[in-house]
Amino acid sequence: AIMDSIGFTAVTSQDIWVLILKAMHKVPARRYPTAEALGRDIGRFLRLEPLEASPDRWSYRAGKFVRRHRRALTAASLVVVTITALAGFFTYRLAEARNQARAEAARTQRIQRFMLNLFQGGDAAAGPPEALRVAELLDQGAREARQLEAEPAIQAELYLTLGSLSLKQGRLEAAQELLELARARREALLGPRHPETARTLIALGELRAAQARFDEAESLIRTAYDINTAALPPADPAQARALAALGKVLSERGRYPDAIRVLEKAQHAASQEDQPDILYELANAEFYAGHYPRAEELNRRVLPLYRQARGDGHPSVADVIVNLGAVRSEMGDFAGAAGHYREALRITQAWYGADHPKTASNLTMLGRALVRLDEAGEALAALERAIAIQERHFGANHPRVASALNETATLARSLGRLDEAETAYRRAGRIWRETHGPHHYLNGVAASNLASVALDRGRLTEAEALMRDALAIFVAATGPNHSNSGIARLKLGRVLLRGGKHSAAERELRAGLAILEPQMAPNSPWLEAGRKDLAALPPTNPK
């Protein structure tokens, strides 16, 4: 029982024989001198302490100490082993992170040198850099990037950079080739579920949006966001950028409440550097949702941030100025809108040149304001130039072409050229339906405009049917209190007034004015026209 209680081992076996032999030694002088001395060693034996009778060796005393404190020493040993293992693990991870950081810094420096050489003239045979157009520089960069097969990580980053720059230049075919190459390199190097691969998917998604392939754009960006969610912490800036790209696509698809929700989430997660771009996209979504004061407030917040960070002549500044002009236009201040559009056009054209899609978009907005200001000659020149530029870059069936066509049709209608107006309106509507689907608010714009042509021709039944279709589309797409819905009610009221349906006309006119009066300036042309139509109703017969 004693042996069981103390955990019998070779050392304890040795001790008990020492104790017994000492007590029974045949030489009396070598026995325990007293019973008390024997008792002390028995006590030491039971407590796993060294015996007085045993040799005073270090190994013997250490062994007794270990057995006496076996549990504590075992726990301490585990702690030491764990600490040692963790120290080794974190030393390895720190070394790995340091190596990755050094490799990333080397790649960044390599890419920076590449881009500086490309845009500042690192190749004497290429001629003076000032004589080269940006498109030629990008093509030159793509050729040089293809020679970097031995440096696949740098090659993939260059493909992504050059592809993104090509997209900004409106060179969609070149952008697609380079971004697909970037995606292939990244997937081969890092796999399809790596955050660097996700960056390439976002760029491809932005390209698909520019190509008006919105389903693919949303799918690519959502995939990138899912990859980042699995691989990165929620506060990583890459997540905010993915959300911003998704919000932009949702806005282009006409899903404005979803876009606003996503962009607000991106705003909360974004770095200070990314905040202005996300606020800009949020302002766009708020504008198309019909929240004009909120859109104007956000754009006025973004404008000084862009000017401070990028300078007064940067196209981002022009984009915000265009947005402020659009708010003025929706509130009926077409002169104020035209002033903003002219200022933005000067910046955009100076930066990108006369034949760039961004320049064409500015021309479309300016033409729209000029049509409503009855400046027909300048409006037509701006719109025809815009259509030609957009068709060269995007083809004949792109939404940007449709936007310029729509304004050209409005101009033709104002000049009484109804056949020309109807043809252009129908072409714009067909493009919008093919690129955005049947439920986008732009389909309501097309139906409303065709209703105006039918009204001008005196085809009242057709005009009423088209205006009711337009109103239904606007209510479903942007809500019953959006300015689009209010304008549609005013236009429907006018059709009904012309058709002698006075009670119904009054109902629609009053409803339209109730929607628009809180949103527009008191002298808005829409409000003035609605009040004029309301005043034209015959007086109600007294009972």
Side-chain angles (χ1 to χ4, degrees), residues 107-123 126-127 129-148 151-186 196-211 217 220-221 224 238 241-242 244-245 248 273-274 276-277 280-281 306 309-311 313-319 347-362 389-390 392-394 400:
R107 282 197 298 271
T108 300
Q109 291 175 0
R110 177 80 167 83
I111 291 162
Q112 287 174 344
R113 286 196 303 272
F114 181 96
M115 299 305 291
L116 286 172
N117 287 338
L118 180 63
F119 282 96
Q120 294 184 2
D123 182 0
E130 294 82 2
L132 294 175
R133 295 168 56 245
V134 172
E136 293 170 340
L137 286 170
L138 292 175
D139 288 340
Q140 177 183 324
R143 289 192 296 271
E144 293 179 10
R146 287 185 175 88
Q147 307 303 314
L148 299 176
E151 300 178 88
I154 291 173
Q155 187 182 52
E157 186 66 27
L158 284 173
Y159 282 150
L160 176 59
T161 301
L162 293 167
S164 298
L165 288 172
S166 295
L167 175 58
K168 289 181 181 295
Q169 287 294 316
R171 304 173 70 239
L172 302 191
E173 291 184 7
Q176 176 156 326
E177 180 183 3
L178 290 165
L179 292 176
E180 290 288 3
L181 285 170
R183 179 184 188 176
R185 291 293 183 276
R186 283 270 163 80
E196 290 299 312
T197 305
R199 282 180 59 215
T200 310
L201 294 180
I202 291 172
L204 275 169
E206 292 170 337
L207 170 64
R208 293 291 179 262
Q211 294 169 324
L220 284 164
I221 294 170
R241 293 177 193 134
K248 182 178 179 180
E273 179 185 358
D274 292 333
D277 290 335
Y280 170 78
E281 294 301 338
Y306 275 164
R310 304 175 188 181
H314 195 275
S316 297
V317 172
D319 289 339
I347 297 171
T348 302
Q349 187 162 291
W351 184 277
Y352 286 116
D355 189 43
H356 192 276
K358 293 284 285 187
T359 301
S361 294
N362 279 191
I389 295 170
Q390 302 290 27
R392 276 197 298 275
H393 285 273
F394 300 113
R400 295 192 186 190

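All heavy atoms count here, side chains included; hydrogens, waters and symmetry mates do not. Along the sequence shown, residues carry numbers from 1. Please read all numbers here as calculations on a predicted model, not as lab measurements.
Gln390 meets the side chain to side chain donor-acceptor pair (under 3.5 Å) test with Ser361; sequence neighbours excluded. In this view, Ser316 and Arg310, His314 satisfy the side chain to side chain donor-acceptor pair (under 3.5 Å) rule, not counting sequence neighbours. Under the side chain to side chain donor-acceptor pair (under 3.5 Å) criterion, Ser166 pairs with no residue at all, not counting sequence neighbours. Residues that satisfy the side chain to side chain contact (heavy atoms under 4.5 Å, CB included) test with Ala354, not counting sequence neighbours, are Gln349, Arg385. Scored by the ring-ring contact (aromatic ring centres under 6.0 Å, His included) test, His393 finds no partners at all (sequence neighbours excluded). Listed by chain and number, the residues in a side chain to side chain contact (heavy atoms under 4.5 Å, CB included) with Lys248 are Glu252, Glu281 (sequence neighbours excluded). Residues meeting the salt bridge (charged side-chain N to carboxylate O under 4.0 Å, His left out) test with Arg241, sequence neighbours left out: Asp274. The side chain to side chain donor-acceptor pair (under 3.5 Å) check on Arg185 picks up Glu149, Gln155, with sequence neighbours excluded. Judged as a salt bridge (charged side-chain N to carboxylate O under 4.0 Å, His left out), and not counting sequence neighbours, the contacts of Arg208 are Glu180, Glu216. Among residues two or more places apart in sequence or in another chain, the side chain to side chain contact (heavy atoms under 4.5 Å, CB included) test is passed with Arg392 by Asp355, Ala388, Ile389. With sequence neighbours excluded, the residues satisfying side chain to side chain contact (heavy atoms under 4.5 Å, CB included) with Pro276 are Leu305, Tyr306.
A pairwise comparison of heavy atoms in Gly205 and Ile221 identifies CA-CG1, 4.0 Å as the closest pair.
No side-chain heavy atom of Glu206 sits less than 4.5 Å from a side-chain heavy atom of Leu179.
At distances below 3.5 Å, at least one donor-acceptor pair connects side-chain atoms of Thr359 with backbone N or O atoms of Gly353.
Within the model, atoms NE2 of His356 and OG1 of Thr348 stand 9.5 Å from one another, a figure rounded to the nearest 0.5 Å.
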